[in-house]
**Q** 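Encoded as structure tokens, here's the structure I'll be asking about.
Hydrogens, waters and symmetry mates play no part in the numbers below; they use all other heavy atoms, side chains included.
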Amino acid sequence: VDAESLRFSRTMTAEIKQGGLNSHLLRPLNPVLFMYFSFLGSRGVITLMTIVLLIVGWAFLPQVTWWQVLLFVFSLIFAFVISFVINLFVGCTSFWTSEASNLQNVMSHFVRIFSGVMIPISFFSPLVKNALLLSPFPAMAYLPSMILQSEIISSEVLVMFGSAIFWSIVLLPLSFWFWKRGLK
């Protein structure tokens, strides 16, 4: 879902700095979505390999119920939305700074740690863990993996789902507002 490396924000930064954004703004399409789907299209082989690895991974899981698969698909949708929003926020900083790659690196490490990619959230102290579960970060990696690993939907998973829904609803319009402010 491009959560940990923020590759889409790097693509946005390059488009903004090199002037390629101007040609996107002239098209009768939403320039953000156009750039995002162009970016996804250029990553087709990686997306295909991810799907193959996901199918192979499912083959090794002991038993996956249809309920887990449905929740996993929903969690992936929220992971895409939240990852897109974070990429958009970080990419839009190029409107105000001459060099945004350092912020991209910091945010990339921040996401790796607090989304459960590098360190599982269950390893944190209870206070930090509970705070992280209310943030948007676990929805990017920890939530989908927890859904596939646990047969019983725990209160922790429900909290992460609620948090993912909340942050998706709040951050998506805010990120487009940030984009529009950057264009001005």
**Q** Can you name the nearest heavy-atom pair linking Leu132 to Pro138, along with the distance?
**A** O-CG, 3.0 Å

**Q** Please confirm whether the ring centroid of Phe110 lies under 6.0 Å from the ring centroid of Phe114.
**A** yes

**Q** Answer whether the closest heavy-atom distance between the side chains of Ile55 and Ile51 falls below 4.5 Å.
**A** yes

**Q** Do Leu148 and Val69 touch side chain to side chain, with heavy atoms closer than 4.5 Å?
**A** no

**Q** Rounded to the nearest 0.5 Å, what's the gap from CE on Met35 to CG on Leu25? Could you check?
**A** 8.0 Å

**Q** Going by the rule side chain to side chain donor-acceptor pair (under 3.5 Å), which residues pair with Lys180 if we only count those two or more places apart in sequence or in a different chain?
**A**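 For Lys180 there are no side chain to side chain donor-acceptor pair (under 3.5 Å) partners, ignoring immediate neighbours.
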
**Q** Restricting to non-hydrogen atoms, name the atom on Pro173 and the atom on Ser168 that form the minimum distance, rounded to 0.1 Å.
**A**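 Heavy atoms of Pro173 and Ser168 come nearest at CD-O, 4.2 Å.
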
**Q** List in chain and number order the residues that pass ring-ring contact (aromatic ring centres under 6.0 Å, His included) with Phe34, two or more places apart in sequence or in another chain; answer none if no residue qualifies.
**A**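 Per chain and number, Phe34 pairs via ring-ring contact (aromatic ring centres under 6.0 Å, His included) with His24.
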
**Q** Indicate yes or no: at least one non-hydrogen side-chain atom of Ile121 is less than 4.5 angstrom from one of Leu133.
**A** yes

**Q** Quick one: closest heavy-atom pair of Ala141 and Ser115, and the distance?
**A** CB-O, 3.5 Å

**Q** When you group the ILVMFWY residues by side-chain heavy-atom contacts below 4.5 Å and let the links chain together, are Leu158 and Ile169 in the same group?
**A** yes

**Q** So Thr93 and Phe89, do their side chains get closer than 4.5 Å, heavy atoms only?
**A** no

**Q** Please check if the distance between the ring centroids of Phe95 and Trp179 is under 6.0 Å.
**A** yes

**Q** Please check this pair: side chain of Trp167 against backbone of Leu134, looking for a donor-acceptor N/O pair closer than 3.5 Å.
**A**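 Indeed, once roles are kept as given, a pair shorter than 3.5 Å links the two residues.
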
**Q** Ser94: which residues meet the side-chain contact (heavy atoms from CB on, under 4.5 Å) condition with it, sequence neighbours left out?
**A** Thr13, Ile16, Ala100

**Q** Has Leu127 got more than 12 heavy atoms of other residues, nucleotides or ligands less than 6.0 Å from its CG?
**A** no

**Q** How long is the span from the CZ atom in Phe176 to the CG atom in Asn30, to the nearest 0.5 Å?
**A**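 Rounded to the nearest 0.5 Å, the CZ-CG separation comes out at 5.5 Å.
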
**Q** Hey, what do you get for CZ (Phe84) to CG (Leu172), rounding to the nearest 0.5 Å?
**A** 7.0 Å

**Q** Hey, could you give me the OG/NZ distance between Ser125 and Lys129, rounded to the nearest 0.5 Å?
**A**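 Taking OG in Ser125 and NZ in Lys129, the distance rounds to 10.0 Å.
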
**Q** When hydrophobic residues are tied together by side-chain contacts of less than 4.5 Å, even through go-betweens, does Trp177 share a cluster with Ile86?
**A**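 They do share one cluster, since a chain of ILVMFWY contacts under 4.5 Å joins Trp177 to Ile86.
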
**Q** On a heavy-atom basis, which atom in Phe8 and which in Phe39 lie closest, and how many Å separate them?
**A** N-CZ, 3.6 Å

**Q** When hydrophobic residues are tied together by side-chain contacts of less than 4.5 Å, even through go-betweens, does Val128 share a cluster with Phe123?
**A** yes

**Q** Using only atom types and a distance under 3.5 Å, with no angle test, would you say the side chain of Gln104 pairs donor to acceptor with the backbone of Ser9?
**A**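 It does hold such a pair.
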
**Q** Minimum heavy-atom separation for Phe161 and Leu71, please, with both atom names.
**A** CZ-O, 3.4 Å

**Q** Between Phe80 and Tyr36, is a side-chain contact (heavy atoms from CB on, under 4.5 Å) present by the stated rule, with each step listed?
**A** CA-CA 11 Å; Phe80 270 109; Tyr36 186 69; 3.6 Å; yes

**Q** Would Val106 end up clustered with Met12 when hydrophobic side chains under 4.5 Å apart are linked, directly or stepwise?
**A** no

**Q** Where the side chain of Ser163 meets the backbone of Ser135, is there a donor-acceptor pair that is under 3.5 Å apart?
**A**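 Such a contact is found between Ser163 side chain and Ser135 backbone.
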
**Q** Please test Val157 against Ile147 for side-chain contact (heavy atoms from CB on, under 4.5 Å), starting from the C-alpha separation and ending with a verdict.
**A** CA-CA 7 Å; Val157 171; Ile147 288 171; 4.0 Å; yes

**Q** Is there a chain of hydrophobic side chains (I, L, V, M, F, W, Y, each step under 4.5 Å between heavy atoms) that links Met49 to Val117?
**A** no

**Q** Could you tell me the separation between the CZ atom of Arg10 and the CD atom of Glu15, rounded to the nearest 0.5 Å?
**A** 15.5 Å

**Q** Not counting sequence neighbours, which residues clear ring-ring contact (aromatic ring centres under 6.0 Å, His included) with Trp96? List them please.
**A** Phe178

**Q** Residues two or more places apart in sequence or in another chain: which of them pass side chain to side chain donor-acceptor pair (under 3.5 Å) with Ser75?
**A** none

**Q** How far does CG of Leu183 sit from CG of Leu21, to the nearest 0.5 angstrom?
**A** 6.0 Å

**Q** Under the rule for side-chain contact (heavy atoms from CB on, under 4.5 Å), what residues qualify as partners of Ser122, not counting sequence neighbours?
**A** Pro120, Tyr142

